[in-house]
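What follows is a set of notes on a single structure, which appears directly below.
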Amino acid sequence: MPALNALSMGRDPLAFLTGLRDQYGDIARVPLGAETLYLFSDPELVREVLVTNHRNFHKGRGLERAKMLLGDGLLTSEGEFHLRQRRLAQPAFHRQRVAAYGATMAGYAAARRDRWQAGATIDAHQEMMALTLAIVGKTLFDADVEHEAGEIGEALATTFESFNFGFFLPFGELLERLPLPATLRFRKARARLDATIYRLIEERRASDTDRGDLLSMLLMAQDTEGDGGRMTDLQLRDEAMTIFLAGHETTANALTWTWYLLSQHPDVEARLHAEIDSTLGGRAATADDMSALPYARMVLAESMRLYPPAWILGRRALGAFEARGYTIPARSIVLMCQYTMHRDARWFPEPERFDPERFAPERQAERPKFAYFPFGGGPRVCIGEQFAWMEGMILLATIAQRWRLRLVPGHPVALQPIITLRPKHGMRMVVEAR
Ligand code: HEM
């Protein structure tokens, strides 16, 4: 039975987890190989794990895998070390700082938009990946990486796919140490990503200038409250790789799914266009426009409800704890699945329907906070949340000012839940002038 579970989890995790929730309710226990997993499907239980009782949890299974790519960066480190690194990186993500990135975001979006031609077919997923990669490279590393987007995208896809390999099987970890084709492909792809990251670090070291961006901050960081030691090259590499990857692939997926949803809902699209036109006319969007584009924010929020780029979170319990009268033993893995929770009819009636009105402020106030958690929560909440909202809204507005995107007839739309929720076959769309 556990092996069978492992296989169904590996084959179609979204259907498997939805089935578990439907069958067992808010707490579902799943023995999986040597581990015992609990799927929590209630907002209050999620709050308990991420916020109230967060000290009892570390990042769970999957961390070991993620570490093969990200090392000990912000996303994967724990405890004191994580706190220190988070403090160091935080200034790059302060609200005012993020507002200053707005011009770069709008500039890159306009340049890419202006390269498209009416009637052309594009892969919206690839386009969004290239755009968000260029933006994270420029804003946080002051580097031009747009021309490498193709190669980086391929390396990323390879590393992600090999993450899936054997992930939920009992001997998955062992499999990954063997020189199998999938492992070798993973190592080669990681080396490709490393090459870019180390190049950025070396170039900056050599130039010996403070450009005031995240990379300079990390390079110069000396933790005054901690041991005063500078980061080693490896630590720097791990942080840079983490931000570089976490900072573009998620937002690109959110936007890709948004273009798809808009193409299927012309009424929503028309209302979005009206808001963009009346707020911006033909001029470029800036950080100051964000509060004047409430519908754009609602559209993005609803898109991340149906297609949450981070679709599952896991934590390992350090000690036993009580949940709804059950004792959950120490070392259990707790899963919290945004995909299933965002489609729970208790909080989102007619959950399959795309309806941005759900995110009108008064409607939002009717739901428990953790019914919707695309950015996680508590001390490990996404450090890039403000960055992502700003980038999502500016890119959406800038592109929609000029174009509408239509799905190529017959293009298969399927979900690929690996680390993030990607469109399995990309998103082939035709560019139409508005
Ligand atoms: C739509 C876009 C994004 C989504 C949905 C998203 C989602 C998330 C989630 C759910 C977590 C928490 C993971 C956990 O608790 O296990 C997280 C953490 C993180 N995210 Fe994001 N993210 C997005 C954009 C970004 C951006 C733009 C950046 C950086 C530029 C970024 C950098 C990070 C980092 C460094 C962490 C780890 C934080 C920590 O543990 O201290 N993310 N993200």
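In listed order, ligands and their atoms are each counted from 1. Atoms considered below: every heavy atom in the structure, side chains included; atoms not considered: hydrogens, waters and symmetry mates. It should be emphasised that the depicted structure is a prediction, and the values quoted were computed from it without experimental measurement.
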Taking only heavy atoms of Pro374 into account, list the atoms of ligand 1 that are under 4.0 Å away from them.
5 (C), 7 (C), 10 (C)
Nearest non-hydrogen protein atom, atom 40 (O) of ligand 1:
Arg380 NE, 2.7 Å
Option set Phe244, Phe375, Tyr101, Phe93, criterion heavy-atom distance to atom 9 (C) of ligand 1, minimum:
Phe375
Quick note on ligand 1: atoms under 4.0 Å from a heavy atom of Phe387 include exactly 27 (C)
Atom indices of ligand 1, in the order listed, that fall short of 4.0 Å to a heavy atom of Arg86
38 (C), 39 (C), 41 (O)
Among all protein non-hydrogen atoms, which one is nearest to atom 34 (C) of ligand 1, and what is the separation to 0.1 Å?
Ile383 CG2, 3.7 Å
Identify, for atom 25 (C) of ligand 1, the protein heavy atom at the shortest distance, and state residue, atom and that distance.
Ala246 O, 3.4 Å
Looking only at heavy atoms of Thr132, does any of them come nearer than 4.0 Å to an atom of ligand 1?
no
Between the side chain of Ser332 and the main-chain N/O of Ile328, is any donor-acceptor distance below 3.5 Å?
no
cation_pi(Arg271, Tyr295) dist<6.0 Å, angle<=45:
yes
For Pro308, does its backbone N or O pair with a side-chain atom of Gln338 as donor and acceptor, under 3.5 Å?
no
Arg21 side chain to Thr340 main-chain N or O, any donor-acceptor pair under 3.5 Å?
yes
Decide, yes or no, whether a salt bridge links Arg192 with Glu154 under the criterion of side-chain N to carboxylate O below 4.0 Å.
no
Polar proximity ligand 1 side, Arg315 side, N/O cut 3.5 Å exclusive:
yes
Pi-cation contact, Phe348 with Arg305 (under 6.0 Å, within 45°)
yes
Please walk me through it: do Thr420 and Asn253 pass side-chain hydrogen bond (donor to acceptor under 3.5 Å, both in side chains)?
CA-CA 8 Å; Thr420 56; Asn253 285 324; 3.1 Å; yes
Is the shortest heavy-atom distance from the side chain of Phe57 to the side chain of Arg316 under 4.5 Å?
no
Checking the N or O distance criterion of under 3.5 Å, is ligand 1 in contact with Glu391?
no
Would you confirm whether Glu239, through its side chain, and Leu74, through its main-chain N or O, come within 3.5 Å as a donor-acceptor pair?
yes
Under the 6.0 Å and 45° cation-pi test, does Arg115 pair with Tyr108?
no
Would Lys59 count as a polar contact of ligand 1, with the cut-off being nitrogen or oxygen pairs under 3.5 Å?
yes
What's the shortest distance from atom 13 (C) of ligand 1 to any protein heavy atom, and which residue and atom give it?
Leu313 CD2, 3.6 Å
For atom 37 (C) of ligand 1, which protein heavy atom lies nearest, and how many Å away is it?
Leu75 CD1, 3.3 Å
One thing to verify: whether Asp213 and Arg211 come together as a salt bridge, which I'm taking to mean a side-chain N less than 4.0 angstrom from a carboxylate O.
no
Over-ring placement of Arg95 relative to Tyr101, 6.0 Å and 45° cut-offs:
no
When distances are taken from atom 24 (C) of ligand 1, the protein heavy atom at minimum range is Thr250 OG1, 3.4 Å
Which one holds for Glu385 and ligand 1: side chain close, backbone close, both close, or neither close, with close meaning a heavy atom under 4.0 Å?
neither
Please write down residue, atom name and distance for the protein heavy atom closest to atom 8 (C) of ligand 1.
Cys382 CB, 3.6 Å
Selected option - heavy-atom contact closest to atom 26 (C) of ligand 1, from Ala252, Ser303, Gly247, Gly376
Gly247
Has ligand 1 got any nitrogen or oxygen that is less than 3.5 angstrom from a nitrogen or oxygen of Leu140?
no
Going by heavy atoms, is His82 under 4.0 Å from ligand 1?
yes
Sub-4.0 Å atoms of ligand 1 with respect to non-hydrogen atoms of Met304:
1 (C)
